[in-house]
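Both counts, for ligands and for their atoms, begin at 1 and track the order of listing.
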Amino acid sequence: MTSLNWSSKSKSIPQGGKLQTDAILYPFEGEDASQHLENRLILGDNLRVMNALLPEYEGKINLIYADPPFFTNKGYSARVGRGEDSRKPENWQLAEGYHDEWSDMGSYLDMLYPRLTLMHKLLSPSGSLYLHLDWHANSYARLLLDEIFGYDNLRNEIIWTYHGPSPIRSAFNRKHDMILFYSKSNQYTFNVDQVRIPYSENTVVTFKSSKKAGFGKTPDLERGKVPEDWWYFPVVARLHNERTGYPTQKPESLMERIIVASSNRGDLVADFFSGAGTTAAVASRLNRQFISSDTQPRALQTARSRLVLDIQENKKGKSAGFEHGFSVMIQKEESVELPPFLSFEELEIKPPEVSDGVVTLPPDLISQVDYWEMDPDWDGEIFHSSFQAARPWRKGDIPASTVIPEKNGEICLRFVLISGDQIQHVL
Ligand SMILES: C[S@@+](CC[C@H](N)C(=O)[O-])C[C@H]1O[C@@H](n2cnc3c(N)ncnc32)[C@H](O)[C@@H]1O
């Protein structure tokens with residue numbers, strides 16, 4: 001068989017990986033979180049995370065979307081300010097996002113190969129993988145996937161096209177990514193009728209005026225057509241309402257097409273390079289369960305805020321879906337250092353005030369907080385979050401107070417500041 005080789009290629013998968021629950025979120029009052037414990041946001045290197053999931057999930061995940069670093073040899077910053085002028089990058093408030101820097105292609109492939117192998121193991125027999133890359137490494141990854149999944153299981157090489165500015169003057173403007181879609185077997189989920197799109201106006205006019213167009217085949221104009229393997233969706237930079245500030249965030253419309261096509265309601269969808277949590281957000285809106293992991297605390301924090309904000313929007317009746325609600329389980333992994341919890345004294349910030357059973361954050365604190373939550377019965381180990389507040393991405397304020405439930409034990413509050421610092425405070 002033809003395959004790709006490089007000097008450090010190894011077929012053995014580095015072992016190790018243990019997950020530990022850090023927090024469980026109950027975003028819906030009275031909701032039994034145990035129904036939704038499949039839904040997880042995990043902080044950790046996905047090699048260890050996937051190894052740790054294998055005993056329980058081997059052959060069980062219905063769909064995996066993977067959007068790894070692309071081998072661009074760049075670092076990406078997160079935009080953490082709110083309401084800044086997009087045309088004035090010099091004024092943006094930035095923080096560390098993630099790194100995509102490698103000594104050479106071999107070291108990049110050393111990262112990718114064992115992870116793709118683990119994804120193949122985790123997929124159910126009717127499951128699919130969508131691997132999102134661009135010109136930098138796509139052709140190398142395709143050879144790896146041919147080896148792991150089998151050449152015959154390549155279903156599509158999807159081209160995602162978009163517009164955007166570029167300084168390039170020595171070649172054509174590079175404005176497409178490739179998404180390699182492989183299934184684990186030839187019996188795979190593909191909901192063709194759910195992804196149909198309308199025919200173009202020209203096609204409709206042509207077929208309405210001449211029945212002979214199309215060499216005797218008349219399309220079902222009402223039913224719509226199966227999308228081509230090239231897709232246009234605007235990039236998130238242009239979609240202000242979706243933008244979280246986390247770098248290289250993908251559009252929800254792109255994820256929606258993939259999830260609708262290759263999974264069913266109740267299925268388990270995983271994204272082990274989660275970033276801003278786009279897959280988790282869209283999967284839960286479409287009533288799928290999700291597992292989502294990333295090495296970067298800011299990615300996990302962004303995904304958590306995004307899910308919380310989505311649910312709260314839904315409660316107000318503003319967005320569809322989330323029929324069953326869900327809980328989020330955050331797990332920490334042995335080898336990953338969670339940013340330490342600091343105290344108000346260390347940060348020289350005034351702590352929250354409590355009066356008449358209400359916790360209120362003073363103005364100085366609220367101006368610095370991106371997210372906060374409460375466990376009204378803190379056991380000192382797992383944070384059972386019964387109240388969450390997240391700062392909206394564009395406009396609007398983060399809630400500054402909450403009522404303490406009547407029956408409670410020790411009350412613990414956790415905060416994430418815009419700077420990324422975390423505070424844990426027991427009242
Ligand atoms: C291209 S971004 C993903 C963007 C995401 N699709 C979205 O819509 O926001 C790649 C992500 O992979 C994460 N990552 C890189 N190496 C990883 C690893 N070994 N384990 C887990 N996550 C990793 C990075 O921290 C980064 O957030």
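At least one test fails for Arg414 against the ring of Trp372: distance under 6.0 Å to the centre or angle within 45° of the axis.
Of all atoms in ligand 1, numbered sequentially from 1 with element shown, those under 4.0 Å from a heavy atom of Phe272 are 21 (C), 22 (N). Close contacts between ligand 1 and Pro69 involve ligand atoms 15 (C) [criterion: under 4.0 Å to a heavy atom]. Close contacts of ligand 1 with Gly44, meaning ligand atoms under 4.0 Å from a residue heavy atom, involve 20 (N), 21 (C). Ligand-side atoms of ligand 1 in range of Tyr246: 25 (O), 26 (C), 27 (O), range being under 4.0 angstrom from any heavy atom. The atoms of ligand 1 that sit less than 4.0 Å from any heavy atom of Gln296 are 25 (O).
In this structure, atom 8 (O) of ligand 1 lies nearest to the protein heavy atom Thr278 OG1, 2.6 Å. Annotation: atom 9 (O) of ligand 1 to nearest protein heavy atom, Ala276 N, 2.8 Å. Here the protein heavy atom with the shortest distance to atom 11 (C) of ligand 1 is Asp294 OD2, 3.5 Å. The closest protein non-hydrogen atom to atom 2 (S) of ligand 1 is Thr248 OG1, 3.5 Å. Here the protein heavy atom with the shortest distance to atom 6 (N) of ligand 1 is Asp67 OD2, 2.6 Å.
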*CA sep, side-chain torsions, deciding dist, call: Phe70, His132, ring pair (Phe, Tyr, Trp, His ring centres under 6.0 Å)*: CA-CA 8 Å; Phe70 284 9; His132 190 144; 5.7 Å; yes

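Contact annotation: His99 has no heavy atom less than 4.0 Å from any atom of ligand 1.
Side-chain contact of Asp110 with Ser8: a donor-acceptor pair under 3.5 Å is present, judged by distance alone.
Between the side chain of Gln249 and the backbone N or O of Thr244, at least one donor-acceptor pair lies under 3.5 Å. No donor-acceptor pair under 3.5 Å is formed between the side chain of Gln388 and the backbone N or O of Val308.
Remark: of the listed residues Phe344, Phe341, Tyr371, Phe344 is the sole one forming a ring pair (Phe, Tyr, Trp, His ring centres under 6.0 Å) with Phe415.
Salt-bridge check for Arg288 with Asp267: failed, with every basic side-chain N at 4.0 Å or more from each acidic carboxylate O. Between Asp45 and Arg115 there is a salt bridge, since at least one side-chain N of the basic residue sits less than 4.0 Å from a carboxylate O of the acidic one.
Between Tyr65 and ligand 1, no pair of N/O atoms sits closer than 3.5 Å. Between Ser293 and ligand 1, a contact under 3.5 Å exists for no N or O pair. Annotation: Tyr98 places no N or O atom under 3.5 Å from an N or O atom of ligand 1; distance criterion only.
Neither the backbone nor the side chain of His132 has a heavy atom within less than 4.0 Å of ligand 1. Of all the heavy atoms of Phe273, the ones lying under 4.0 Å from any atom of ligand 1 are found in both the backbone and the side chain.
Heavy-atom contacts from other residues, nucleotides or ligands closer than 6.0 Å to CD of Glu222 number 12 or fewer. At most 12 heavy atoms of other shown residues, nucleotides or ligands fall within 6.0 angstrom of atom CG in Asp397.
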